[in-house]
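Take a look at the structure below.
Everything quoted here is computed from the prediction, not taken from an experiment. Atoms within each ligand, like the ligands themselves, are counted from 1 in listed order.
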Amino acid sequence: IRRIAVFTSGGDAPGMNAALRAVVRTAAWNKLHVYGIERGYEGMIDGHFKRLERRDVANIIQRGGTVLRTARSMRFMTPEGRAMAADHLRAYDIDACIAIGGNGTFTGAKIFSEEHGIPFIGVPGTIDNDLYGTDYTIGFDTAVNTAIEAVDKIRDTADSHNRLFFVEVMGRHSGYIALYTAIGSGASSVLIPEAETDLEELKAVFRKNKARGKLFSVVIVAEGHPMGGAAGIAAQIKDELASMEPKVTVIGHMQRGGAPTAADRMLASRLGHAAVNRLLLGEENVAVGVISNEVETTSFDDAIHKEKKPKSSLIEMASILSI
Ligand code: F6P
């Protein structure tokens with residue numbers, strides 16, 4: 001392996017730049033040539049490649065977003081789009097690619113690699129933490145910190161006015177951000193797709209709180225909740241809630257931005273470094289991850305298809321701590 005390409009794809013996540021920096025520096029240290037591809041698979045199809053050297057990734061470890069920019073590419077889902085991408089990789093003499101992204105990114109990498117024989121290594125970057133093969137994904141810790149900071153502020157006003165808030169956090173299909181935010185902010189309840197939601201039980205909690213004079217509550221709802229997120233849940237129990245002046249707050253995309261936390265910088269640096277090392281050791285079509293504080297690899301098949309769910313003990317703990 002002499003030349004590699006690296007790109008970020010799918011939803012951005014704080015720490016992607018730290019991962020890119022680690023890839024470029026580890027590659028440079030091993031005398032590999034690195035090309036950065038702009039806007040993920042879109043740039044691969046359009047031939048937007050640029051040579052990246054050691055100094056090109058200076059001063060980015062602390063920046064949110066991705067300096068390579070990103071996209072969710074529909075064209076890469078077609079064989080024609082992938083063939084154009086393969087032509088560009090061959091034109092640049094690329095021996096292997098490092099893809100930083102989530103499930104869709106890894107799925108694209110696997111299909112592409114099978115069709116065109118170019119090896120890939122995946123680096124898990126998504127705030128949702130929904131990828132199998134790593135305890136945490138790059139960006140999750142920062143997103144949870146951002147959500148907790150927002151909920152801390154909402155609590156102040158909820159408490160002052162004795163109001164009930166339904167706060168919706170991100171997670172397309174996953175309750176990780178919601179669960180960690182709820183535990184970390186001391187929320188009254190958390191509603192996630194991985195645990196059954198009993199609205200009667202929730203109403204009973206509100207009634208009990210009301211009876212003892214506590215109207216103020218903060219309920220964290222995962223965006224991917226099957227009952228329709230925070231607005232959906234609030235609508236279903238609004239009659240019960242009239243006296244509590246329920247409010248719905250959607251934290252939204254601010255969870256995707258901001259400077260990465262120390263934990264995300266560390267994780268991203270380890271995984272970017274490991275991705276290059278694993279390629280040099282001859283591994284391919286695997287995702288790197290950190291499991292029990294050790295770097296491990298997982299086949300794309302498992303990373304894409306195996307489900308990762310929050311531990312049931314944590315879900316139980318969240319409810320015990322909120323009594
Ligand atoms: O996968 C990360 C994520 O932020 C999800 O939590 C969310 O559902 C989705 O991306 C939003 O995507 P977009 O920014 O394309 O609207």
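Residue Arg54 places its CZ atom among 12 or fewer non-hydrogen atoms of other residues, nucleotides or ligands, all under 6.0 Å distant. Enclosure of atom CD in Glu149 is not indicated, since only 12 or fewer non-hydrogen atoms of other residues, nucleotides or ligands lie within 6.0 angstrom.
Residue contacts with ligand 1, taken as heavy atom pairs separated by less than 4.0 Å, do not involve Ile177 at all.
In this structure, the protein non-hydrogen atom closest to atom 4 (O) of ligand 1 is Arg256 NH1, 2.8 Å. When hydrogens are left out, the protein atom nearest atom 9 (C) of ligand 1 is Arg172 NH2, 3.6 Å; that is the closest non-hydrogen contact. For atom 1 (O) of ligand 1, the closest heavy atom belonging to the protein is Asp128 OD2, 3.2 Å.
For ligand 1, the atoms closer than 4.0 angstrom to any heavy atom of His253 are 13 (P), 14 (O), 16 (O).
The pair Asp159-Arg155 does not meet the salt-bridge criterion, since no charged nitrogen lies less than 4.0 angstrom from a carboxylate oxygen.
Nearest-heavy-atom check against atom 7 (C) of ligand 1 across Arg72, Glu223, Gln255 picks out Glu223.
At a threshold of 4.5 Å between non-hydrogen side-chain atoms, the residues Ser174 and Glu194 count as touching.
Looking at ligand 1, you won't find any N or O of Ile127 less than 3.5 Å from one of its N or O atoms.
Contact annotation: Gly102 has no heavy atom less than 4.0 Å from any atom of ligand 1.
Annotation: Phe106 is not in aromatic contact with Phe120 [ring centroid separation under 6.0 Å not met]. Residues Tyr136 and Tyr176 keep their aromatic ring centres 6.0 Å or farther apart.
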